[in-house]
There are 2 protein chains.
Amino acid sequence: MATMQDVARLARVSVSTVSYALTGARPISQATRDKVLAAMAELDYQPNAMARGLASRRSRILGLLLPMDERGLGATETAFVTGAAAAASAAGYHLVLSPIGVGDLDQLRRLASQRMLDGALLMEVQLHDPRVDVLRELGVPLVLIGRTADTTGLSYVDIDFDQTVRAAVGHLVDLGHHRIVYVNHSADTLAEGYGPALRTRDAFTAAMAGHGLEPLMIPAEDSAAGGRTALATALRRVPDLTAILAMNESAVFGLLGELAARGRSVPDDVSVVSMVTSPQVAELATPALTAMNSPGSALGRIAIETLLRHVDVGDAQINQQLLPCALEVRGSSGPPRTEGTTTEAARRRAATRRRA
Amino acid sequence: MATMQDVARLARVSVSTVSYALTGARPISQATRDKVLAAMAELDYQPNAMARGLASRRSRILGLLLPMDERGLGATETAFVTGAAAAASAAGYHLVLSPIGVGDLDQLRRLASQRMLDGALLMEVQLHDPRVDVLRELGVPLVLIGRTADTTGLSYVDIDFDQTVRAAVGHLVDLGHHRIVYVNHSADTLAEGYGPALRTRDAFTAAMAGHGLEPLMIPAEDSAAGGRTALATALRRVPDLTAILAMNESAVFGLLGELAARGRSVPDDVSVVSMVTSPQVAELATPALTAMNSPGSALGRIAIETLLRHVDVGDAQINQQLLPCALEVRGSSGPPRTEGTTTEAARRRAATRRRA
DNA sequence: CTGAAAGCGCTAACAG
DNA sequence: CTGTTAGCGCTTTCAG
């Protein structure tokens with residue numbers, strides 16, 4: 001493994017010159033630079049990350065703090081990670097994913113106080129996220145993916161839930177739907193103050209009001225069973241509902257299953273629109289889900305760019321940015337049946353159609 | 001940020017004593033150790049990772065090389081990652097996930113030759129995986145998750161596909177099924193030599209032969225559409241099939257959707273068993289999928305333990321280990337209808353049942 | 001524009 | 001059992 005000494009010797013310059021050629025921290029004559037670069041190439045030189053980090057007090061490592069629950073990473077999160085990794089790599093930084101949630105504060109504290117991280121991206125941010133306090137206390141720059149309750153002095157990028165919900169409701173209303181039910185995350189999740197659940201709830205209420213419609217939200221556990229229960233509740237409360245907006249990738253599958261079991265066809269009897277969903281997941285359902293596609297990789301890129309600005313200049317400008325999801329119409333949404341269709345009639349028709 | 005000097009001064013010992021107290025690389029009297037520990041606690045001391053890494057030529061970082069395709073991380077992979085992270089953390093190492101696939105060789109080369117990684121775990125290993133060559137050349141210890149074609153001199157942990165397939169087929173045969181079709185990954189994936197697809201194919205052939213049954217394998221694209229197409233093909237080739245074994249989490253959803261669309265009920269008309277599937281995903285389907293649960297977190301733990309052995313002693317013993325998946329019966333498998341039931345009759349009965 | 005040299009904070013001989 | 005000290009490989013003043 002060649003060192004900078006070796007390069008300097010071969011190029012017949014001093015080590016500092018090699019260093020400056022590498023970092024560009026001070027001007028170098030073209031002739032010298034060429035000599036140095038040639039020597040580096042010949043020796044297949046790669047700077048030692050630890051030595052560099054020790055001397056410069058910069059690890060060139062950015063952490064992506066990524067709580068991993070048993071559910072895994074959806075395609076949405078993956079797109080985010082991929083976008084972030086590409087942006088970091090382009091800037092000469094390494095992005096390391098650390099499965100650190102709000103429960104692993106000690107681990108985070110260790111990682112940060114060992115000066116391993118030049119900066120951190122927090123995913124799955126909670127309204128009161130203790131990781132923020134830990135990182136601030138240790139002086140590690142950070143950018144949130146999502147938002148805490150109080151975002152003063154914090155940079156973040158997040159989905160524009162308000163606009164996304166408005167677009168989804170607009171799509172359904174344009175199709176002619178009036179009785180639209182919103183299936184959200186669980187009551188516990190709402191009680192915990194999970195931002196996306198709260199923000200979409202409020203956005204749904206506002207969007208429906210804007211169209212002069214009655215908003216009904218039903219919480220659902222993040223599972224197929226939760227979706228089935230939610231559908232039962234929805235049908236009890238609004239027997240003649242014609243559309244469901246869902247913000248719960250797991251529940252939406254149970255919901256579709258239960259709809260089929262009850263003989264309600266999608267989208268003829270009930271339209272379903274899924275929020276913040278990746279194309280890959282939307283295509284898994286039968287029929288494929290009309291969905292609001294999350295801007296995963298753009299979100300990742302912007303987050304890294306913002307973070308690097310903070311890392312490079314300590315007091316960089318705070319950047320708070322929202323990106324909307326784009327509507328992608330697939331098979332699960334369509335115009336409602338004409339008024340007057342009863343539940344019983346619809347069921348009978350569905351059964352008939354199936355036998356045909 | 002306190003340094004080791006500060007600790008030494010406060011404890012009235014030399015820096016080397018502090019260092020040895022920290023690493024345990026040489027015996028320390030209890031009294032001295034207590035003094036040092038007290039000083040550390042008082043100063044809230046954390047060793048500087050870069051300095052440590054430079055001096056010891058050990059980064060204490062293990063890389064988990066994890067190609068991220070657009071599909072994301074399933075619950076299976078997540079369990080693996082979580083198990084590995086826990087094991088690494090317990091050993092005082094940091095596990096960093098790097099979204100590096102076989103296409104990002106340059107990035108891997110940089111990471112490794114900058115001496116950032118003490119060792120690496122490779123996921124999604126291909127039969128001829130160039131990452132192995134890069135790491136070996138650079139002297140970075142590695143453990144495979146999966147297997148290359150030639151595994152001499154390589155440690156790996158992998159799923160015991162042979163035993164897993166045998167157990168799945170056994171389950172169906174015990175229920176009374178004879179006409180069992182195997183839905184695998186795509187033809188392209190097979191042609192590329194993707195290990196799990198090839199190994200399960202062969203295991204399926206062997207298992208069926210063991211029961212005196214005819215094996216039929218059908219490749220399917222990794223998507224819902226692929227599953228629908230595969231079902232159509234399967235029914236064309238074996239109109240009276242009673243069971244499907246699937247090794248394709250995406251296709252299995254399309255397959256179930258198509259089965260429902262054709263009025264074949266699961267499991268009454270057709271039993272479905274999904275291989276190497278996590279409980280979370282299995283529960284998403286309606287009915288919930290009988291599945292072979294992958295040993296994700298155990299796999300991760302064992303992989304890390306093996307890797308650390310290689311890191312600690314350069315010429316550690318090669319460890320090649322296979323873990324089986326465990327059968328978990330849910331709603332998608334059951335006894336077949338009695339012989340003689342025609343497709344038409346089954347469809348009619350299904351429709352009737354649904355209206356009841 | 002270039003060189004010399006003083007560290008960065010820690011580990012690991014080498015001495016006792 | 002403990003202390004002294006020479007690096008690890010690089011960055012960054014300070015001089016020229």
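Computed over heavy atoms, backbone and side chain alike; hydrogens, waters and symmetry mates excluded. We name chains A, B, ... by the order of the sequence lines, and we start the count at 1 in each one.
- The listed nucleotides are D:dC1, D:dC10, C:dT11; the one nearest the side chain of B:Thr23 is C:dT11.
- Within the nucleic acid shown, B:Val13 comes within 4.0 Å of sugar-phosphate atoms alone, with no base atom in reach, counting heavy atoms only.
- In this structure, the CZ atom of B:Arg58 is 15 Å from the P atom of D:dG9, given to the nearest Å.
- In this structure, B:Asp118 CG and B:His310 NE2 are separated by 14.0 Å, a value rounded to the nearest 0.5 Å.
- For D:dT4, neither phosphate oxygen OP1 nor OP2 lies less than 4.0 angstrom from any side-chain nitrogen or oxygen of B:Tyr20.
- In the interface, the side chain of B:Ser19 is not paired with the base of C:dA12 through any donor and acceptor atom under 3.5 Å apart.
- Checking D:dC1, C:dA4, C:dC1 against the side-chain heavy atoms of A:Pro27 singles out C:dC1 as nearest.
- Between B:Leu43 atom CG and C:dG9 atom C1' there is a gap of 15 Å when expressed in whole angstrom units.
- Following rounding to the nearest Å, B:Leu22 (CG) and C:dG9 (P) show an atom-to-atom distance of 16 Å.
- A residue-by-residue look at B:Ala51 and B:Thr32 shows that B:Thr32 has its nearest nucleotide of DNA chain D further toward the 5' end.
- Using a 4.0 Å heavy-atom distance criterion, B:Ser16 is classed as a base contact.
- Counting heavy atoms from C-beta on, the side chains of B:Tyr156 and B:Leu322 come closer than 4.5 Å.
- Taking 3.5 Å as the limit, the base of D:dT2 and the side chain of B:Thr17 contain no donor-acceptor pair of atoms between them.
- Rounded to whole Å, the distance from CD1 on A:Ile28 to C1' on D:dT12 is 13 Å.
- Here C:dT11 presents its P atom at 10 Å from CG of B:Asn48, a figure rounded to the nearest Å.
- For the pair B:Leu54 CG and D:dA6 P, the interatomic distance rounds to 17 Å; values are reported in whole Å.
- Classification of B:Asp133 and B:Arg136 as a salt-bridged pair fails, no side-chain N sitting under 4.0 Å from a carboxylate O.
- Nearest to the side chain of A:Arg52, among D:dC10, D:dT2, C:dG9, sits D:dC10.
- Donor-acceptor pairing under 3.5 Å, judged by distance alone, is absent between the side chain of A:Arg26 and the base of D:dT12.
- Counting heavy atoms from C-beta on, the side chains of B:Val143 and B:Leu122 never come closer than 4.5 Å.
- Listed nucleotides: C:dC1, D:dC8, D:dT5. Nearest to the side chain of B:Val15: D:dT5.
- Between the side chain of B:Gln126 and the main chain of B:Thr148, no donor-acceptor pair closer than 3.5 Å is present.
- As rounded to whole Å, 13 Å separates atom C1' of D:dC10 from atom CE of B:Met50.
- In this model, the phosphate group of C:dT2 is approached by a side-chain N or O of A:Ser29 to a distance below 4.0 Å at OP1 or OP2.
- Rounded to an integer number of Å, the gap from B:Met1 CE to C:dC8 P is 16 Å.
- The shortest distance between the side-chain N/O atoms of B:Ser14 and the OP1/OP2 oxygens of D:dG3 is below 4.0 Å.
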**Asked** Can you check side chain to side chain donor-acceptor pair (under 3.5 Å) on B:Ser16 and B:Ser19, steps first, answer last?
**Response** CA-CA 5 Å; B:Ser16 63; B:Ser19 172; over 6 Å; no
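- In the set D:dT4, D:dG9, C:dC10, the nucleotide with an atom closest to the side chain of A:Ala55 is D:dG9.
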